[in-house]
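A short worksheet on the structure shown next.
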Amino acid sequence: MFSSKSLVTILAMVGLLTACSFAPLHTAKPTHPGAVDARVLSIVTPETNDQSQFSCLKQVTATDFMQRSFYQVEFRPPHGNRAHIDLAEAPASLMVKVGDHVEILPGVCSRGGIGHVVSVLSDP
């Protein structure tokens, strides 16, 4: 019915159309200078925090953890092509969930800096 060349062409077209249909669902872009679009990977709690992973949290007490919200986020720096995974803190006024795309001002935890979530760009 179909030649092998036609079948390969059809499958390639279906693959391209399928790949194009999985574009990000949000179109919001970061608006603050220096901010980047990040994805929330997990909530960081005293139980889930491995001190070797987030060294910048060594000075955070259990009481601080109860009053503050920390998240593991993945983002691409403005001038980089590799994804980075780091830590960001969100104010209590923001409802942040795992999977959200958020606008962050990145910090470098390994250098003692903690990033800050500025806004939620989209829900998952």
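Keep in mind that what you see is a predicted model, and the values were worked out from it rather than measured. Just so you know, these numbers use all the heavy atoms, side chains as well, and skip hydrogens, waters and symmetry mates.
Considering only heavy atoms from C-beta on, Ile43 stays 4.5 Å or farther from Ser69 through its side chain. In this structure, Leu121 and Val102 have side chains that are not in contact, with every pair of non-hydrogen atoms separated by 4.5 Å or more. Using a 4.5 Å heavy-atom threshold, the side chains of Ile85 and Gln72 count as touching. Using a 4.5 Å cut-off on side-chain heavy atoms (C-beta onward), Val117 and Leu94 make contact. Looking only at side-chain heavy atoms (C-beta outward), Phe70 and Val60 come within less than 4.5 Å of each other. Looking only at side-chain heavy atoms (C-beta outward), Val73 and Leu41 stay at 4.5 Å or farther from each other. Annotation: side chain of Leu87 is not in contact with side chain of Tyr71 (no heavy-atom distance under 4.5 Å).
Going from atom CZ of Arg39 over to atom CZ of Arg76 covers 10.5 Å, rounded to the nearest 0.5 Å. To the nearest 0.5 Å, atom CD1 of residue Ile104 and atom CG of residue Asp37 are 9.0 Å apart. To the nearest 0.5 angstrom, Thr61 atom OG1 is 8.5 Å from Arg68 atom CZ. For the atom pair SG (Cys109) and NZ (Lys58), the distance works out to 9.5 Å, reported to the nearest 0.5 Å. Here the SG-CD distance, from Cys56 to Glu89, works out to 10.0 Å after rounding to the nearest 0.5 Å.
Linking ILVMFWY residues whenever their side-chain heavy atoms come closer than 4.5 Å, directly or via other members, leaves Leu105 and Val36 in distinct clusters.
Asp86 and Phe75 get closest at one heavy-atom pair: CB-CE2, 4.0 Å. The minimum heavy-atom distance between Ala90 and Val96, with the atom names listed, is CB-CG2, 4.0 Å. Scanning both residues, Gly34 and Pro106, for their nearest heavy atoms gives O-CD, 3.5 Å. Shortest non-hydrogen contact noted between Glu74 and Ala83 is OE2-CB, 3.6 Å.
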